[in-house]
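Inspection log for the structure reproduced underneath, given as structure tokens.
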Amino acid sequence: MIPFETQSTSPDGRYRIEAAPWEAGNSHWVYPPRIVDAVSGACLFEFQDQRWSLDRAAWLSDTQVELMLRKYPGQLTGQGLRVSVDCAGRVARCGEGAGVEFADLERALERHACG
């Protein structure tokens with residue numbers, strides 16, 4: 001099992017963005033992210049398809065983070081998808097689209113990436 005690495009932590013330390021990087025090709029690494037509540041230790045969101053990769057995480061507040069994601073090998077997502085995440089509310093928004101619950105996020109991203 002690949003160990004998870006902390007990629008980013010919320011300003012108040014409550015939430016972490018972690019990834020378990022894997023080498024998809026010669027020196028090409030994929031960082032499938034997950035969102036963890038550092039207080040309870042609960043994983044709030046994790047991709048089922050490990051080809052989703054985190055390029056950047058920028059915290060806008062203690063509970064709001066903007067993620068830049070791509071899906072390996074990248075043809076479908078190009079420069080990446082901007083996802084605004086509300087960790088406390090357990091909802092996310094892809095670009096300017098409607099908010100979706102964490103349980104539906106991966107499916108919504110697939111539609112956005114392929115549509």
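Across Pro21 and Pro3, no two heavy atoms sit closer than the pair CD-O, 4.3 Å. Pairing each heavy atom of Gly80 with each of Met68, the nearest pair is C-CE, 4.1 Å. In this structure, Ser8 and Trp59 approach most closely via the heavy-atom pair OG-NE1, 2.7 Å. Asp62 and Tyr15 make their closest contact through O-CD1, 3.6 Å (heavy atoms, listed as atom of the first residue, atom of the second, distance). Closest non-hydrogen pair, Asp12 versus Ser10, comes out as OD1-OG, 2.8 Å.
Other residues, nucleotides and ligands contribute only 12 or fewer heavy atoms inside 6.0 Å of the CD atom of Gln48.
For the pair Leu69/Leu54, a side-chain contact is recorded, criterion being any heavy-atom separation below 4.5 Å from C-beta on.
A donor-acceptor contact closer than 3.5 angstrom is absent between the side chains of Trp52 and Glu46.
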Got a list of side-chain donor-acceptor pairs under 3.5 Å for residues 24-38, not counting sequence neighbours?
| unit_1 | atom_1 | unit_2 | atom_2 | d |
| --- | --- | --- | --- | --- |
| Arg34 | NE | Glu18 | OE1 | 2.8 |
| Arg34 | NH2 | Glu18 | OE1 | 2.8 |
| Asp37 | OD1 | Arg14 | NE | 3.0 |
| Asp37 | OD1 | Val39 | N | 2.9 |
| Asp37 | OD1 | Ser40 | N | 3.2 |
| Asp37 | OD2 | Arg14 | NE | 3.2 |
| Asp37 | OD2 | Arg14 | NH2 | 2.7 |

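Distance check: Leu105 CG to Glu110 CD gives 10.0 Å after rounding to the nearest 0.5 Å. Going from atom CZ of Phe45 over to atom CD of Glu106 covers 5.5 Å, rounded to the nearest 0.5 Å. In this structure, CZ in Phe102 is found 5.5 Å from SG in Cys87, a value given to the nearest 0.5 Å. Put simply, CZ on Arg70 and CG on Leu109 are 14.5 Å apart, with the number rounded to the nearest 0.5 Å. Atom CD in Gln64 sits 4.0 Å away from atom CG in Asp86 (nearest 0.5 Å).
Linking Ile, Leu, Val, Met, Phe, Trp and Tyr whenever their side-chain heavy atoms come within less than 4.5 Å puts Leu44 and Val85 in one cluster.
For Asp49, the salt bridge (charged side-chain N to carboxylate O under 4.0 Å, His left out) partners at least two apart in sequence or on another chain are Arg51, Lys71. With sequence neighbours excluded, the residues that form a salt bridge (charged side-chain N to carboxylate O under 4.0 Å, His left out) with Glu66 are Arg56, Arg82.
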